[in-house]
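Heads up, the thing below is written out as C-alpha cells.
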Amino acid sequence: MATGFDPSGRLPDFFTSTGTSSFTQFLSQAAPELLPGRRPLPPGLSADIAPHGTTIIAIATAEGVVMAGDRRATMGNLIASRDIKKVHPADAYSLIGIAGTAGIGIELIRLFQVELEHYEKIEGAMLSLDGKANRLASMVRGNLGAAMQGLAVVPLFAGFDLTPGDVTRAGRIFSFDVAGGLYEETGYEAIGSGSLFAKSALKKRYRPGVSTEDAITLAVEALYDAADDDTATGGPDVIRKIYPVVMTATAAGTHRLSDEEITTVAERVVAGRTENPGG
C-alpha cells in the first residue's frame, strides 16, 4: 500500500490537487518505496546477487543518432542472459541504454519513459532534449545509495534535438556518472565494461557527419571489438541468431532495426572479420 492512503478509500490530497509535471516527484509523495533508490538494502555489498548488463554505444550521425547494445548479462563469472535488451526508446525522439545492475536499469528506463510521458500530458508539450537529460540525471542521483552498495546503474542517453542551436548537431549524446553527473559527448560515446575497447575501435573509424547506415555498421563493429576483449560483452551469436539491439533517432522519430536488417549487418561484419580477424 502506498504511503499516506486513507483506509476509508479516499484518495490523499496530492492525487486531486494540481499535479506536478514530474512523475518521479509525484511518486516520491504517493509511494516513495517504489522508487529504485528509496528501497532499504541489507548492509554490505550486493553487486554479485543480480545480473549486470554491459556495453552500450551511441554515435552522432548526419541525420541524428544511432545507439546499439550487446545482448549479454553476467552475474559474476556466469552468463545470466544471452538475449537481454538494454537499448530502448525513451520517447518519440530519444533513446536510452543502460549498463550496470540489469533489474534496476530496466526499472529506471520504464520510470523515465513514464516521466517523459507524464510531463507531456501535464504540460501539453514535450521536454527539450536538455530537459530530458537533466530529469534522467536526477533519477540516477536518486539511486546513489544503492550504487554505493554495488547496485549501480549508469545510462547512456541520446536523441534528435527538435530545436538545435546548430543544425549540424541535431543528434546529441549525454553520459552520466553514478552520482548523477551529466556530460554531453561529442561524436560518440560508450559505457559498460567493454566501453574502452568500443571507443578505441570508434576512435579510428568515426568521422563527423557519418551517415546513419555507416554508423550502424560502425556500432556493430565496435561491439564486436568489445566482445573480443571483454568477457562480459556478448558478440554476434550466429548459431543462436542473437545480434545487437540497434536503434536510431532522427527527424522521423525512433526506429529499431528489424531482425532481418541487423542480421544482414552483423553477418557482413562477421564475414569481414573471418577474412581479417584483426579488423
Side-chain angles (χ1 to χ4, degrees), residues 52-74 79-89 95-99 156 158 160 168 170-171 173 175 185-250 252 254-279:
H52 278 64
T54 50
T55 318
I56 308 293
I57 294 169
I59 302 173
T61 73
E63 297 86 16
V65 290
V66 169
M67 186 177 288
D70 79 304
R71 304 291 295 277
R72 179 174 291 177
T74 59
I79 296 176
S81 175
R82 300 181 188 276
D83 59 355
I84 187 174
K85 297 178 178 66
K86 294 174 277 187
V87 175
H88 298 264
L95 306 168
I96 180 173
I98 56 100
L156 187 60
F160 180 84
T168 64
I173 302 168
S175 65
E185 308 294 344
T186 301
Y188 60 87
E189 178 60 9
I191 60 172
S193 61
S195 60
L196 173 64
F197 310 109
K199 286 193 282 190
S200 295
L202 290 171
K203 186 176 183 179
K204 301 296 184 183
R205 301 286 308 278
Y206 174 79
R207 296 292 181 272
V210 64
S211 69
T212 297
E213 183 178 358
D214 289 342
I216 290 169
T217 300
L218 286 178
V220 175
E221 289 180 341
L223 286 173
Y224 187 105
D225 287 332
D228 202 30
D229 289 298
D230 174 42
T231 57
T233 303
D237 191 334
V238 296
I239 303 299
R240 298 181 178 87
K241 301 296 182 182
I242 299 174
Y243 299 113
V245 172
V246 181
M247 296 193 69
T248 63
T250 65
T254 59
H255 168 70
R256 177 181 171 181
L257 268 67
S258 66
D259 291 341
E260 293 75 17
E261 289 172 316
I262 192 59
T263 296
T264 300
V265 176
E267 290 183 346
R268 185 170 67 243
V269 170
V270 171
R273 295 306 175 89
T274 301
E275 296 178 5
N276 181 18

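Along the sequence shown, the residues carry numbers beginning at 1.
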Open item on the list: For K199 and E189: C-alpha separation, side-chain torsions, deciding distance, then whether side-chain contact (heavy atoms from CB on, under 4.5 Å) applies.
Closed with: CA-CA 7 Å; K199 286 193 282 190; E189 178 60 9; 3.7 Å; yes

TODO: Walk me through it: do F160 and T254 pass the test side-chain contact (heavy atoms from CB on, under 4.5 Å)?
DONE: CA-CA 9 Å; F160 180 84; T254 59; over 6 Å; no

TODO: List the steps and the verdict of side-chain contact (heavy atoms from CB on, under 4.5 Å) for L257 and T248.
DONE: CA-CA 8 Å; L257 268 67; T248 63; 4.3 Å; yes

- [ ] Go through the steps for R71 and K85 under the test side-chain contact (heavy atoms from CB on, under 4.5 Å), then give the verdict.
- [x] CA-CA 6 Å; R71 304 291 295 277; K85 297 178 178 66; 3.7 Å; yes

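Between the CD1 atom of I173 and the CD1 atom of I59 there is a distance of 7.5 Å, given to the nearest 0.5 Å. Expressed to the nearest 0.5 Å, how far CD1 of I56 lies from OG1 of T54 amounts to 7.5 Å. To the nearest 0.5 Å, atom CG of residue D237 and atom CZ of residue R72 are 8.5 Å apart. Note that the CD1 atom of I216 and the CD atom of E261 stand 7.5 Å from one another [nearest 0.5 Å]. The line from CG of L202 to CZ of F197 is 14.0 Å long, rounded to the nearest 0.5 Å. In this structure, the separation between CZ on R205 and CG on D225 is 9.0 Å, given to the nearest 0.5 Å.
Minimum interatomic distance between T217 and R268 (heavy atoms only, all atoms of both residues): OG1-NH2, 3.2 Å. Nearest heavy atoms, A198 versus A190: CB-CB, 4.1 Å. Shown here for A60 and G171, the closest heavy-atom pair between the two residues is CB-O, 3.8 Å. When all heavy atoms of A215 and T61 are compared, the pair lying nearest together is CB-CG2, 3.5 Å. What you find for G192 and A99 is that their closest heavy atoms are CA-CB, 3.8 Å. For the residue pair A68 and V87, the shortest heavy atom distance occurs at C-CG2, 3.8 Å.
No side-chain heavy atom of I98 sits less than 4.5 Å from a side-chain heavy atom of H88. With a 4.5 Å cut-off on side-chain heavy atoms, D259 and Y243 do not count as touching. Looking only at side-chain heavy atoms (C-beta outward), I57 and Y188 stay at 4.5 Å or farther from each other.
Side-chain atoms of E63 and T250 form no donor-acceptor pair, as typed in the model, at a separation below 3.5 Å. With hydrogens and angles left out, the side-chain atoms of D230 and S193 include a donor and acceptor closer than 3.5 Å. Side-chain contact, T233 with T55: a donor N or O sits under 3.5 Å from an acceptor N or O.
Residue V66 forms a side chain to side chain contact (heavy atoms under 4.5 Å, CB included) with just one option from V220, V246, L218, L95, and that option is V246.
Counting heavy atoms of neighbouring residues, nucleotides and ligands inside a 6.0 Å radius, atom CD of E213 does not exceed 12 of them.
A salt bridge is defined here as a Lys NZ or Arg NE, NH1 or NH2 lying under 4.0 Å from an Asp or Glu carboxylate O, and E267 with K241 meets this definition.
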